[in-house]
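Encoded as structure tokens, the structure appears first; notes follow it.
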Amino acid sequence: MDMKLSRFIKKIVVPLLLFTLLLTGCENSEQKVASAEMFELDGDTTSAGVSVGDGSAEFIKAYRDYVIWAAYTDSSSSYMVMSINEIPYDDSISTLIANFFIDGVATSEEDICEDNEIEESGLYSLLSSSSYLRAHEVIYRYLRFTWENSIITDIDSGELNYNETYEVPPNE
């Protein structure tokens, strides 16, 4: 009986566990694309329950699966992607969660580049071109958090409608 159980474990259970571990590993490495609801605020509280006055623990718990952009709040700083666990929350910084919505569907910059067979350096040109904007609705949404001494002091949400900003009326 022990031999049959041992064979069963080797043939069925071990491969099943390895397959589950592989799937879990892949799932954790992928970044989520934020839905439109994520960018809505109820006063000073996000749809994920993060509020002004919260600290990094609440922020990390709510947004650990998303791409996070961070910038120091001095005027010479620009946003750059940072690991959510390595952001210097105790500094005067701003963090940003943002993504594009093409024809109402949330999408990443990488997916836009892949779908249009362009390099990342061509993204701005594509998304601000009249021909692309006549064929697609392009909206950039963001959720910005301002930090002082490890505490969120402000949260704001906004969007840029590329069609309204960049589209040139067709020649008549």
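Hydrogens, waters and symmetry mates play no part in the numbers below; they use all other heavy atoms, side chains included. Just so it is clear, the model here is predicted, and its values are computed rather than measured.
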Quiz item: Which pair of heavy atoms, one from Ile93 and one from Pro88, lies closest together, and at what distance?
Solution: CD1-O, 3.7 Å
Quiz item: With distance as the sole test, does Asn163 use its side chain to make a donor-acceptor pair with the main-chain N or O of Val138 at under 3.5 Å?
Solution: yes
Practice problem: For the pair Thr107 (side chain) and Ile102 (backbone), establish whether a donor and an acceptor sit closer than 3.5 Å, ignoring hydrogens and angles. | Solution: no
Exercise. Would you name the heavy atoms of Ser92 and Glu148 that are closest together and state the gap between them?
Key: OG-OE1, 2.8 Å
Quiz item: Is it the case that more than 12 heavy atoms not belonging to Asp42 sit under 6.0 Å from its CG atom?
Solution: no
Quiz item: Just checking, is any N or O donor in the side chain of Thr95 or Tyr63 under 3.5 Å from an acceptor N or O on the other one?
Solution: no
Practice problem: With rounding to the nearest 0.5 Å, note down the distance linking OG in Ser131 to CG in Leu126. | Solution: 8.0 Å
Quiz item: Taking the side chain from Ser157 and the backbone from Phe39, do they hold a donor-acceptor pair closer than 3.5 Å?
Solution: yes
Quiz item: Say you draw a straight line from CG of Leu143 to CG of Asn99; how long is it, rounded to the nearest 0.5 Å?
Solution: 10.5 Å
Quiz item: Where is the tightest heavy-atom contact between Ala98 and Tyr142, given as atom of each residue plus distance?
Solution: CB-CB, 3.8 Å
Practice problem: State, yes or no, whether a side-chain contact exists between Ile68 and Leu96 at a heavy-atom distance under 4.5 Å. | Solution: no
Exercise. Quick one: closest heavy-atom pair of Met38 and Ala34, and the distance?
Key: SD-CB, 3.2 Å
Quiz item: How far apart are the closest heavy atoms of Tyr72 and Asp91, and which atoms are they?
Solution: CE2-OD2, 3.3 Å
Self-check item: From CD (Glu164) to CG (Leu133), nearest 0.5 Å
Solution: 11.0 Å
Practice problem: Take Trp147 and Thr153, measure what side chain to side chain contact (heavy atoms under 4.5 Å, CB included) needs, and give me the verdict at the end. | Solution: CA-CA 6 Å; Trp147 297 81; Thr153 59; over 6 Å; no
Quiz item: Do you see a donor-acceptor pair shorter than 3.5 Å between the side chains of Glu119 and Ser121?
Solution: no
Quiz item: Can you check whether Ile84 reaches Tyr89 side chain to side chain, under 4.5 Å on heavy atoms?
Solution: yes
Quiz item: For Leu41 and Thr46, what are the C-alpha separation, side-chain angles and deciding distance, and is it a side chain to side chain contact (heavy atoms under 4.5 Å, CB included)?
Solution: CA-CA 5 Å; Leu41 289 174; Thr46 70; 3.8 Å; yes
Exercise. For residues Tyr132 and Asn116, determine if any side-chain heavy atom of one lies less than 4.5 Å from a side-chain heavy atom of the other.
Key: yes
Practice problem: Kindly give the heavy-atom pair with the smallest separation between Glu37 and Ser47, and that separation in Å. | Solution: O-OG, 3.3 Å
Quiz item: Can you tell me how far CD of Glu109 sits from OH of Tyr140, rounded to the nearest 0.5 angstrom?
Solution: 7.0 Å
Quiz item: Quick one: CD1 on Ile151 to OG1 on Thr146, what's the gap to the nearest 0.5 Å?
Solution: 13.5 Å
Exercise. Please indicate whether Asp115 has more than 12 foreign heavy atoms, meaning atoms of other residues, nucleotides or ligands, lying under 6.0 Å from its CG.
Key: yes
Quiz item: Can you get from Leu160 to Trp69 by hopping between Ile, Leu, Val, Met, Phe, Trp and Tyr side chains that sit under 4.5 Å apart?
Solution: yes
Exercise. Give a yes or no answer on whether the side chain of Ser77 reaches the backbone of Thr73 with a donor-acceptor pair at less than 3.5 Å.
Key: no
Quiz item: Taking the six-membered ring for Trp, is the centroid-to-centroid distance between Tyr162 and Phe100 below 6.0 Å?
Solution: yes
Quiz item: For the side chain of Asp103 and the backbone of Glu137, is there at least one donor-acceptor N/O pair under 3.5 Å apart?
Solution: yes
Quick one: side chains of residues 48-61, donor-acceptor pairs under 3.5 Å with protein atoms, not counting sequence neighbours, listed by atom name and distance.
| from | atom 1 | to | atom 2 | distance (Å) |
| --- | --- | --- | --- | --- |
| Ser51 | OG | Thr45 | OG1 | 2.9 |
| Asp54 | OD2 | Ser51 | N | 2.8 |
| Glu58 | OE1 | Gly55 | N | 2.9 |

